[in-house]
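This structure is a prediction, so every number in the text was calculated from the model and none was measured.
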Amino acid sequence: MHKYDHTKIEKKWQKDWAKKGLYKTKDKVLGKKNHYLLTEFPYPSGNLHVGHWYAFAVPDIAARALRMQGKNVLYPAGFDAFGLPAENAAIKRGLDPRKWTLQNIAYMKKQMASMGASFDWSREVQTIDPNYYRWTQWMFTQFLKKDLAYRKETPVNWCPKDKTVLANEQVVGGLCERCDSPVEQRTMLQWNLRITDYADRLVDDLDALDWPQQIKDSQKNWIGRSEGAEIDFKIDNTEGSIRVFTTRPDTLFGATYLVLAPEHPMVAQLCANQTCANTTEIEEYVGATKRKSDLDRQENREKTGVKLEGVDAVNPAKEEKIPVYIADYVLPHYGTGAIMAVPAHDERDFEFAQKFGLPIKCVIYPKTVAEMTVDPEYKQKNNALVAEIVAGKRCWSGGGPLIDSRTYTGISWIEAKKAITAAFGTPKKTYRLRDWIVSRQRYWGVPIPVIHCAACGAVPVPDKDLPVKLPAIKDYLPSGDGKSPLAKADKWKKVKCPQCKGWAERETDTLDTFVDSSWYFLRYTDSKNKKVFADKKKMKEWTPVNLYSGGAEHTTMHLLYSRFWHKALYDLKLVNEPEPYTRRMNRGLIMGPDGQKMSKSRGNVIDPDEIVKRLGGDTVRLYLAFIGPFNETGSYPWNPDGVVGVRRFLERVWKLGQPENATGKPAVFKELESSLHKMIKKVTEDVAALKFNTAIAAMMTFINEAERDGISRSQFETLLKLLAPFAPHITEELWRAGGHKKSIHLEKWPKWDEKKMQALTVTIAVQINGKVRGTVSAQPDASQEDVLAIVQGHAPLAKHLENQTIRRVIYVPQRLINIVIG
RNA sequence: GCCGGAAUGGCGGAAUGGUAUACGCACACGACUCAAAAUCGUGCGGGGGCAACCCCUUGAGAGUUCAAGUCUCUCUUCCGGCACCA
């Protein structure tokens with residue numbers, strides 16, 4: 001018997017498949033349906049870690065199985081090669097980022113070959129390729145022309161370590177997502193994309209997607225849509241008014257003061273007009289707020305604020321004068337930056353009113369109208385509650401019927417929302433989401449294709465001048481003064497204005513890398529095209545993506561950005577569908593053997609290359625697929641002993657595949673036949689559901705039986721085909737050793753036969769009063785009476801039935817009989 | 001605080017309302033061996049019993065059902081998202 005020499009076998013077949021172009025994907029194959037299986041393309045950060053294997057080798061099982069099942073599968077690969085990680089690493093080593101990135105890509109591709117992944121490399125996409133980023137720039141200019149991209153002085157998150165602006169999504173708990181430095185607030189002139197214009201569609205269109213609820217909910221939370229009203233409050237003795245946003249217009253009669261964010265433009269205006277009596281105090285407070293970082297503002301929740309002395313607003317519902325405050329608990333960038341405070345019915349307003357001794361007015365009678373009619377003692381119970389609210393002992397933020405609200409008194413808060421909005425304001429939706437700031441003050445990115453002209457303003461670079469190539473410069477270190485390193489590339493920067501032909505300057509910021517990755521999957525469908533970013537007909541063959549597999553960290557970043565980008569392209573009639581990905585799954589995380597995140601400092605890093613060398617790529621694939629359910633976001637510790645377990649399984653398959661072992665009695669084969677068909681069914685269904693772990697378990701169960709009883713060659717080859725997507729090399733070797741000329745990966749997927757799944761006898765669980773008391777064997781088609789007779793003839797079970805009346809019998813054929821006695 | 005998800009042996013995990021702990025790992029014993037490794041075989045949730053067998057067990061408690069890990073309610077803990085968002 002030959003030894004299972006994984007290194008020799010894997011190298012041999014990897015070479016053979018590449019030579020024959022086995023995984024080159026045609027756009028159309030007669031009689032086959034197209035299927036687009038996408039995994040997030042990696043940063044070329046250095047070398048492949050176990051996480052990369054998990055991300056690419058496991059979905060490859062699905063790609064291979066789908067091909068055998070008659071689908072024409074696109075399973076492409078590429079590199080998201082611009083961006084901070086690559087650049088920072090290059091700076092640390094004193095190398096040119098381009099050179100460093102390209103080296104990494106070459107090395108990672110070499111490593112990727114050891115996975116046996118069935119990527120079609122002829123479609124490779126690299127975001128640093130001018131033939132790619134030309135289209136990134138082109139799309140940006142299209143957005144600019146449609147006013148989807150705009151430049152504005154914006155309060156921004158500034159990372160002092162990376163020396164660049166960050167998008168809201170890239171700030172996690174006040175820290176930079178990349179380097180964990182505390183983020184500072186600055187105001188800078190930045191390019192924005194109007195993602196907020198798409199907020200409603202980004203929320204509403206989620207419902208139709210086959211995505212995990214968790215991702216949908218997270219995106220909805222992130223967008224944070226709330227529906228309410230905008231209401232104007234006149235400022236007494238002036239022409240001006242203050243507009244507030246509220247989700248509780250029903251509590252308008254309980255508004256006892258207004259609060260403006262310190263940054264609200266009206267504050268400066270009122271001070272300038274000498275309307276306020278305490279200008280100095282106000283300016284001090286505004287200044288103190290500006291000096292606070294977002295983090296400070298979030299942490300210190302003790303309510304502070306200053307009254308605008310001499311300024312009164314008028315509650316439009318009852319023409320009553322109420323005071324106006326500024327306080328930093330009101331945020332400038334949400335709603336209108338001003339609120340009507342209803343201390344009786346809002347926790348924060350309540351706290352503020354307590355501290356500043358402001359009146360509290362109860363206008364909602366606690367609990368619901370339904371309760372009021374059902375419970376006759378309702379009033380008595382709740383009068384006490386109302387008294388507590390008015391006395392400032394507590395607040396009620398729930399619903400109920402209105403009180404003390406003139407003509408609205410007595411109606412439910414739900415109705416009152418509509419009625420009061422109609423009478424005193426306008427309906428308004430507000431979002432937590434902010435526009436996407438895409439300017440980055442870094443070198444290693446796509447130059448923003450804009451020319452600034454003194455006469456014409458910001459002019460998009462014309463199509464014929466694209467791409468605007470990233471120039472090779474010597475000093476690409478970020479300066480920290482808010483300017484991109486490209487600002488120092490004088491020669492490159494100086495151009496003629498495309499409109500007036502006068503001297504002008506290029507924009508020197510580069511684009512956020514999330515822009516690059518917002519459309520890469522479209523390019524895979526037509527990666528070599530020089531006329532358009534992808535031919536619309538070719539996109540139609542493949543998109544939307546059937547299944548997109550990736551990491552949970554992209555839930556409110558890449559996944560949201562690319563949905564927006566795609567919708568914008570859709571509105572420009574450049575793509576065929578409004579949503580890019582039909583089905584999405586987030587995979588889990590592979591941890592170190594100690595259950596902790598793998599890191600060099602912890603010394604718990606598993607090197608996939610070493611395992612491949614020692615045990616083989618097939619073993620690594622199989623182990624990662626076996627470690628836990630792939631379509632759930634758990635974290636799975638790498639167990640070095642567990643790897644040996646799946647290697648043992650492959651050894652047993654190898655042994656069973658040797659000619660001298662393909663023996664056994666035909667009668668036994670017949671018995672095994674039912675197990676075989678059960679396995680085909682289980683593996684087929686589990687692979688479709690991405691439950692690779694239980695699919696492997698089914699194959700292990702089968703081989704346990706086959707080893708015991710013997711297996712025929714044809715039965716063994718069926719097993720090989722099912723195993724082929726999981727362990728492509730060993731199965732190819734055993735398949736060819738059996739005399740087959742063509743690759744096993746071109747074979748058809750086995751089909752199961754329900755009739756053949758039928759075992760000769762079945763085991764039936766016997767319950768007495770719902771308690772399992774034992775099992776009996778019976779013919780599969782046995783009737784309830786047959787089984788009952790068997791039970792009564794079976795002494796240990798019959799004992800339970802002695803001197804008992806059988807009241808009821810529940811019989812589930814081939815599974816269980818429950819005899820109810822007593 | 002709001003919105004989601006989860007909790008099963010020593011470990012990773014498996015179970016269309018129908019024999020809980022499949023499959024793998026670890027462990028124990030046995031075979032082979034001078035010995036070890038590898039391999040093969042047997043056992044392996046907890047408790048009681050010589051045994052047949054009995055009792056308990058899917059985070060806790062209640063409920064629905066002939067039957068609940070699975071459905072319903074209450075609670076606990078952990079994980080993810082949002083959070084002074086009006």
Side-chain angles (χ1 to χ4, degrees), chain A residues 212-226 228 244-248 251 255 259 261 297-303 327-331 333-342 345-349 351-352 397 430-433 552-553 555-556 586 595 622-623 626-629 632-646 648-649 651-652 655 682 685-686 691 693-704 707-708 763-775 795-796 799 807-821:
Chain A
Q213 196 58 40
Q214 193 193 349
I215 305 181
K216 294 187 186 182
D217 289 334
S218 290
Q219 289 207 351
K220 281 184 191 172
N221 271 339
W222 182 262
I223 294 166
R225 174 165 72 189
S226 49
V244 305
F245 172 74
T246 179
T247 54
R248 294 295 302 273
T251 63
V259 188
R297 202 156 158 169
Q298 275 165 28
E299 268 173 7
N300 186 9
R301 297 203 170 185
E302 175 80 12
K303 295 280 177 294
D328 67 0
Y329 82 93
V330 175
L331 305 173
H333 47 70
Y334 185 79
T336 60
I339 61 155
M340 62 176 211
V342 186
H345 305 293
D346 181 279
E347 207 64 61
R348 298 148 299 180
D349 298 342
E351 255 178 65
F352 190 84
S397 52
T430 303
Y431 308 89
R432 203 200 72 95
L433 185 73
E553 70 276 18
T555 298
T556 55
N586 281 355
L622 206 63
Y623 177 64
F626 190 57
I627 202 166
E632 283 172 30
T633 51
S635 51
Y636 309 107
W638 179 281
N639 177 358
D641 293 319
V643 190
V644 175
V646 294
R648 280 205 272 259
F649 168 66
E651 293 274 6
R652 289 160 67 193
K655 207 166 141 192
K682 179 84 178 138
E685 289 175 351
D686 286 354
K691 290 155 107 185
N693 55 334
T694 47
I696 294 167
M699 289 187 274
M700 287 172 165
T701 308
F702 176 77
I703 204 172
N704 285 344
E707 276 180 339
R708 202 167 54 233
T763 306
I764 292 177
V766 179
Q767 293 185 345
I768 314 272
N769 282 352
K771 241 182 194 155
V772 179
R773 291 295 176 186
T775 58
K799 201 178 66 192
R807 297 189 181 277
R808 198 176 158 187
V809 177
I810 291 104
Y811 177 55
V812 183
Q814 301 189 31
R815 279 187 173 275
L816 162 146
I817 188 164
N818 187 7
I819 302 163
V820 184
I821 56 171

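- When the C1' atom is used for both B:A83 and B:G24, the distance is 43 Å, rounded to whole Å.
- B:A22: no Watson-Crick or G-U partner with both key distances under 3.5 Å is found in any strand.
- A cation-pi contact links A:Lys303 to A:Tyr329, judged by a cut-off of 6.0 Å to the six-membered ring centre and 45° from its axis.
- What separates NZ of A:Lys682 from P of B:A14 is a distance of 10 Å, to the nearest Å.
- Atom-to-atom, CE of A:Met700 to C1' of B:G12 comes out at 12 Å; the value is rounded to the nearest Å.
- Summarising the geometry, atom CD1 belonging to A:Ile810 is positioned 8.5 Å from atom CD belonging to A:Gln767; distances are rounded to the nearest 0.5 Å.
- Distance, A:Tyr431 OH to B:A83 P: 18 Å, rounded to whole Å.
- Between the side chain of A:Lys220 and the base of B:C82 there is no donor-acceptor pair of N/O atoms closer than 3.5 Å.
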Atom pairs under 3.5 Å: protein N/O with N/O of nucleotides 37-47 of chain B:
none

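- Evaluation of atom-type donor-acceptor distances gives no pair under 3.5 Å for the side chain of A:Asp217 against the base of B:G4.
- Taking only side-chain nitrogens and oxygens, A:Arg808 comes nearer than 4.0 Å to OP1 or OP2 of B:C66.
- When rounded to the nearest whole Å, the span between CD of A:Gln214 and P of B:C82 equals 12 Å.
- Taking atom C1' on both B:A68 and B:A15, the two are 13 Å apart, rounded to the nearest angstrom.
- Each of A:Ile696 and A:Gln213 has a nearest nucleotide on RNA chain B; the 5'-most of these lies closest to A:Gln213.
- Using Watson-Crick or G-U wobble geometry with both donor-acceptor distances under 3.5 Å, B:U58 finds no partner in any strand shown.
- Of the nucleotides present, B:C3 is the one that pairs with B:G80 by Watson-Crick or G-U wobble criteria, both distances under 3.5 Å.
- Using Watson-Crick or G-U wobble geometry with both donor-acceptor distances under 3.5 Å, B:A68 finds no partner in any strand shown.
- Comparing the P positions of B:G1 and B:G9 gives a spacing of 29 Å, expressed to the nearest Å.
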Discussion item. Applying side chain to side chain donor-acceptor pair (under 3.5 Å) to A:Arg432 and A:Asn221, what does each step give before you reach the verdict?
Written reply: CA-CA 8 Å; A:Arg432 203 200 72 95; A:Asn221 271 339; over 6 Å; no
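- Contact annotation: A:Ser218 does not reach the phosphate of B:C82 (side-chain N/O to OP1 or OP2, under 4.0 Å).
- As a whole-Å value, the separation of A:Tyr623 OH from B:G13 C1' is 11 Å.
- Taking only side-chain nitrogens and oxygens, A:Asn704 never comes nearer than 4.0 Å to OP1 or OP2 of B:A22.
- When the C1' atom is used for both B:C3 and B:C55, the distance is 43 Å, rounded to whole Å.
- Judged by closest nucleotide on RNA chain B, A:Tyr636 is the one of A:Phe245 and A:Tyr636 placed further toward the 5' end.
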Kindly give the atom pairs (protein nitrogen or oxygen, nucleotide nitrogen or oxygen) under 3.5 Å for nucleotides 16-20 of chain B.
residue, atom, partner, partner atom, Å
B:G18, N2, A:Gln767, OE1, 3.4

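- Between the C1' atoms of B:G61 and B:U16, the separation comes to 28 Å (whole Å).
- With a glycosidic angle further than 90° from 0, B:G45 counts as anti.
- Closest to the side chain of A:Leu331, from the set B:C56, B:A86, B:C25, is B:A86.
- Between A:Ile821 atom CD1 and B:A67 atom P the separation is 14 Å, expressed in whole Å.
- Comparing the same atom, C1', in B:U70 and in B:A31 gives a spacing of 43 Å after rounding to whole Å.
- One finds a side-chain N or O of A:Tyr334 lying less than 4.0 angstrom from the OP1 or OP2 phosphate oxygen of B:A86.
- The distance between atom CG of A:Asp641 and atom C1' of B:C23, rounded to the nearest whole Å, is 16 Å.
- Distance A:Asn221 CG to B:C82 C1': 5 Å, rounded to the nearest Å.
- The partner of B:C29, taking Watson-Crick or G-U wobble pairs whose two distances both stay under 3.5 Å, is B:G41.
- The side chain of A:Asn693 contributes no N or O atom lying less than 4.0 Å from OP1 or OP2 of B:C23.
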